[in-house]
Amino acid sequence: MSNPLLDFTALPLFDRIRPDDVAPALDVLLAEAETALERVTAPDFPADWKALASTLDVATERLGTAWGAVSHLNSVADTPELRAAYNAALPRVTEFWTRLGADERLYAKYKAIDPSALDAEQTQARRNAVRNFVLSGAELQGADRERFAALQEKQAEASQKFSEHALDATDAFAHYADESEIAGIPADVRQAARAAAEADGKPGYKFTLKLPSYLPVMQFADNSALRRVLYTAYATRASEQGDPKFDNSALIREILALRKEEAQLLGYPNFAEVSLVPKMAESPAQVIQFLRDLAAKARPYAEQDLADMRAFAAEKLGLADPQAWDWPYVSEKLKEARYSFSEQEVKEYLPAPKVLAGLFKIVETLFEVSIRKDSAPVWHKDVEFYRIERASAEAGGAPALVGQFYLDPSARNGKRGGAWMDDVRARWLRPDTGRLQTPVAHLVCNFASGVGGKPALLTHDDVITLFHEFGHGLHHMLTQVNERDVSGISGVEWDAVELPSQFMENFCWEWDVLRHMTSQVDTGAPLPRELFDKMLRAKNFQSGLATLRQIEFSLFDMLLHTDHDPAADFMPLLDQVRDEVSVMRPPAFSRSMHTFSHIFAGGYAAGYYSYKWAEVLSADAYAAFEETLGEDGTPSAETGRRYRTAILEAGGSRPAMESFKAFRGREPSLNALLRHQGMAG
């Protein structure tokens, strides 16, 4: 037990894991998993679900838990030593999982299991497993099998390098501004920038490409030259336009070529076809048509959004020809003028502890649970740990543990940008002990930290992000499924997995929810109703532009993985997509796709459309709450209970469409989404 990665008695020992622990732990765990694989694939081992699980799944879960802890630390606490240990281990781990997924002996065992001996959860898990064996190359032979394994290893290495370049290029940039450059920037952002410069022993104000620093400059800085410096650095990260050692151009071509070759080995014409096999969408053509139909509906609104900004910039700001680095500033000024409030004014009412308490309150009310602080080893002083409990069914019984989660809210160097939920472990009625294992999740964001003894202040967009990730967490933690591979988010179609996350975002626009999470940072006063009403009127401000931006990314992703030649430059394809669906064009030097980690390093390849696809589901699901609001505007607990049981608790134990229809009583409609985004006219 001297190696913390080999201690499975409780939660991961994040405070004790060191880079030197990685290789020795994997020596042990890979050997254990290898032994288990050989045992279950022996001719005399029974083709029995529980026998397979109690031998192989137990061993592979130990490996997955330990490697998951290392991967997580690599994302949130990157150091040169940890990165080296992770990269040295990555080929070994990838090779094992690739070989496991393609093992024809194991595939034969799963196919030989008697379906009549399985319950509904096991039946769905077995169905998924058989499908995944095929997608993992289990039916390939000889040289094709060897090449498929090599492709998986090369893809893992290339994606990891892509992530490293994006992180390093972001961390490498700093601009030290003097007093003459910072007019308009909010006080708390200036204070944080001053503290950052002092920490570096520099005069002035330090601005970086981390979003809590970058975005306020783009939105509020009156100095166009300062905005241009940061925009140019941000838009050219990890490309040939910036530092060549971080350039992702060759990696993108390599990743695309590897994916195309993988698809062809499996008998598919392109990678998009492979990506869609386990998803709700039936074909790339269906997805492309869905995106183009939505673009057609959104385009008139986007064109009006742009015309409004151009007119305002010329008339009020003296900008006859706004550039890319001007648009966020123009947008913010127009919003302030049109709705008589600014995001900065709202932010003063959203201290992080109060927001978190409000989030917990709505979750506790709707889903009949309680959330309270818990303790576990963590990797950074800002990380908090919580437990979710449900009252015991027995009178006087102790509350039952439902799940637990780590919350890592703040941006810092060495931490990957963005926000995400990941699982530490799944709910599982363990076949080795017969005991119920409760689920644990990571919830990771990149918000600003508190400065000068004051709590961190969140923008309303930050609040939406927090609710979004917590929705993923609820999907993982509230499940009542006992079969590991279909409990929580496991086994859920990728284009439906955003339903619970986007669903939670809606509550950020409900007065009876939002007012409980506000407290003016200096006075403690709650958010005035008048200010909330202004926010509500501005809710769909530029929703047309926002929709087209997501469609641009989604359509580019899908076309990139269908007809595009991986060896060719992808910028002409991006220009073609922009010609078709966009109304705003970035400058020629922009290289936003070089940090598009979702599709090159994050599992969304030929799947980025999932955000818009699932938005249709989530908007329609939330409409059920709108239809059952109480007279005082509070959400219906009964509707919450139906949503919890039909969607959250069911996890991946059945197709997502079945879960949706169990809740809504019908298939989803696009109407609610268009209405929610102000595009129903």
Side-chain angles (χ1 to χ4, degrees), residues 211 272 275-276 278-282 284 286-299 301-302 417-422 443-446 461-462 464-476 489 492-506 508-509 539-540 542-561 574 577 581-582 592-593 595-622 647 656-657 660 668-670 672-679:
L211 288 186
S275 174
L276 293 187
K279 294 182 171 69
M280 290 179 73
E282 295 171 1
Q286 183 191 21
V287 171
I288 290 167
Q289 191 60 51
F290 163 75
L291 293 170
R292 285 174 167 156
D293 287 348
L294 190 55
K297 290 181 170 65
R299 189 178 185 90
Y301 297 92
W420 67 91
M421 190 285 292
D422 203 357
L443 302 174
V444 184
C445 300
N446 270 279
D461 279 347
D462 289 339
I464 291 171
T465 296
L466 179 62
F467 270 62
H468 178 105
E469 299 308 333
F470 208 83
H472 281 310
L474 290 171
H475 200 188
H476 181 64
I489 58 171
V492 177
E493 297 97 317
W494 198 262
D495 42 8
V497 82
E498 296 294 335
L499 190 169
S501 53
Q502 293 172 338
F503 169 85
M504 285 299 295
E505 295 179 19
N506 291 283
C508 301
W509 297 101
K539 175 176 181 280
N540 292 318
Q542 296 182 347
S543 64
L545 283 173
T547 298
L548 287 193
R549 179 169 172 76
Q550 286 297 93
I551 292 172
E552 176 188 317
F553 285 142
S554 302
L555 187 57
F556 171 75
D557 168 42
M558 189 55 65
L559 294 175
L560 188 69
H561 289 99
L574 183 57
V577 170
V581 302
S582 303
S592 56
M593 296 304 151
T595 50
F596 196 1
S597 295
H598 275 78
I599 69 167
F600 294 118
Y604 277 85
Y608 195 77
Y609 78 91
S610 298
Y611 283 101
K612 298 312 293 183
W613 187 278
E615 219 173 328
V616 174
L617 305 176
S618 65
D620 200 351
Y622 191 73
I647 293 177
M657 185 60 79
F660 183 90
S669 161
L670 184 63
L673 174 62
L674 295 175
R675 175 170 55 81
H676 285 172
Q677 297 188 344
M679 296 188 294

Peer 1: Report yes or no: does E469 contribute a side-chain atom to a donor-acceptor pair with the main-chain N or O of C445 at less than 3.5 Å?
Peer 2: no
Peer 1: Show your reasoning for whether side-chain contact (heavy atoms from CB on, under 4.5 Å) applies to N506 and H676.
Peer 2: CA-CA 9 Å; N506 291 283; H676 285 172; 3.9 Å; yes
Peer 1: Mark yes when over 12 heavy atoms from residues, nucleotides or ligands other than R549 sit less than 6.0 Å from its CZ; otherwise mark no.
Peer 2: no
Peer 1: Give me the one residue out of I489, V497, L474, V444 that meets side-chain contact (heavy atoms from CB on, under 4.5 Å) with M421.
Peer 2: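 It is I489, the one option of I489, V497, L474, V444 that forms the side-chain contact (heavy atoms from CB on, under 4.5 Å) with M421.
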Peer 1: From H561 NE2 over to F556 CZ, what is the distance, rounded to the nearest 0.5 angstrom?
Peer 2: 8.5 Å
Peer 1: Hey, what's the ring geometry for W613 with Y609, parallel, tilted or perpendicular (30° and 60° as the breaks)?
Peer 2: perpendicular
Peer 1: With no hydrogens and no angle check, do the side chains of Q677 and E615 hold a donor and an acceptor under 3.5 Å apart?
Peer 2: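 Side chains of Q677 and E615: pair found under 3.5 Å.
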Peer 1: Hey, what do you get for CD (Q550) to CG (L555), rounding to the nearest 0.5 Å?
Peer 2: 12.5 Å
Peer 1: Measure from the ring center of H472 to the ring center of H468 and say whether it is less than 6.0 Å.
Peer 2: yes
Peer 1: Using atom types as modelled and distance alone, determine if a side-chain donor or acceptor of D620 lies under 3.5 Å from a backbone N or O of S669.
Peer 2: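 Yes, D620 side chain to S669 backbone: donor-acceptor pair under 3.5 Å.
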Peer 1: Walk me through it: do E552 and L574 pass the test side-chain contact (heavy atoms from CB on, under 4.5 Å)?
Peer 2: CA-CA 8 Å; E552 176 188 317; L574 183 57; 4.3 Å; yes
Peer 1: Identify the two heavy atoms, one from A272 and one from A606, that lie closest to each other, and give their separation to 0.1 Å.
Peer 2: CA-CB, 3.7 Å
Peer 1: Are L499 and F660 packed together at the side-chain level, in the sense that at least one heavy-atom pair is separated by less than 4.5 angstrom?
Peer 2: yes
Peer 1: So, taking the atom named OG in S610 and the one named CD in E493, what distance separates them when rounded to the nearest 0.5 Å?
Peer 2: 10.5 Å
Peer 1: Would you please classify the geometry between the Y604 ring and the Y608 ring as parallel, tilted or perpendicular, with 30° and 60° separating the classes?
Peer 2: perpendicular
Peer 1: Write down the atom of P500, the atom of H475, and the distance for their closest heavy-atom approach.
Peer 2: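 Closest pair (atom of P500, atom of H475, distance): CG-ND1, 3.3 Å.
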Peer 1: Without swapping roles, check the side chain of D557 against the backbone of G607 for a donor-acceptor pair under 3.5 Å.
Peer 2: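 Yes.
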Peer 1: Between G678 and Y301, which heavy-atom pair has the shortest distance, and what is it?
Peer 2: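 Smallest interatomic distance, heavy atoms only, reads O-CE2, 3.6 Å.
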Peer 1: What closest approach, in Å, do L276 and P284 show between heavy atoms, and which atom pair accounts for it?
Peer 2: CD1-N, 3.2 Å
Peer 1: Quick one: closest heavy-atom pair of D495 and L617, and the distance?
Peer 2: O-CD1, 4.4 Å
Peer 1: Is a side-chain donor or acceptor of K612 paired with a backbone partner of T547 at a separation under 3.5 angstrom?
Peer 2: no
Peer 1: Please lay out, stage by stage, how E498 and S501 fare under the test side-chain hydrogen bond (donor to acceptor under 3.5 Å, both in side chains).
Peer 2: CA-CA 5 Å; E498 296 294 335; S501 53; 2.9 Å; yes
Peer 1: Evaluate the side-chain proximity of Q502 to Y611: yes if any heavy-atom separation is below 4.5 Å, no if none is.
Peer 2: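 In short, these two side chains touch, coming nearer than 4.5 Å.
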Peer 1: Counting distance only, does the side-chain N/O of E505 pair as donor-acceptor with the main-chain N or O of I464 below 3.5 Å?
Peer 2: no
Peer 1: Could you check if a side-chain atom of P668 sits within less than 4.5 angstrom of a side-chain atom of M657, using non-hydrogen atoms only?
Peer 2: yes
Peer 1: Using only atom types and a distance under 3.5 Å, with no angle test, would you say the side chain of D293 pairs donor to acceptor with the backbone of F290?
Peer 2: no
Peer 1: Counting C-beta onward and ignoring hydrogens, is there a side-chain heavy-atom pair between L294 and V616 closer than 4.5 Å?
Peer 2: no
Peer 1: Please find the pair of heavy atoms, one from L548 and one from A298, that lie closest to each other, and give the distance.
Peer 2: CD2-CB, 4.0 Å
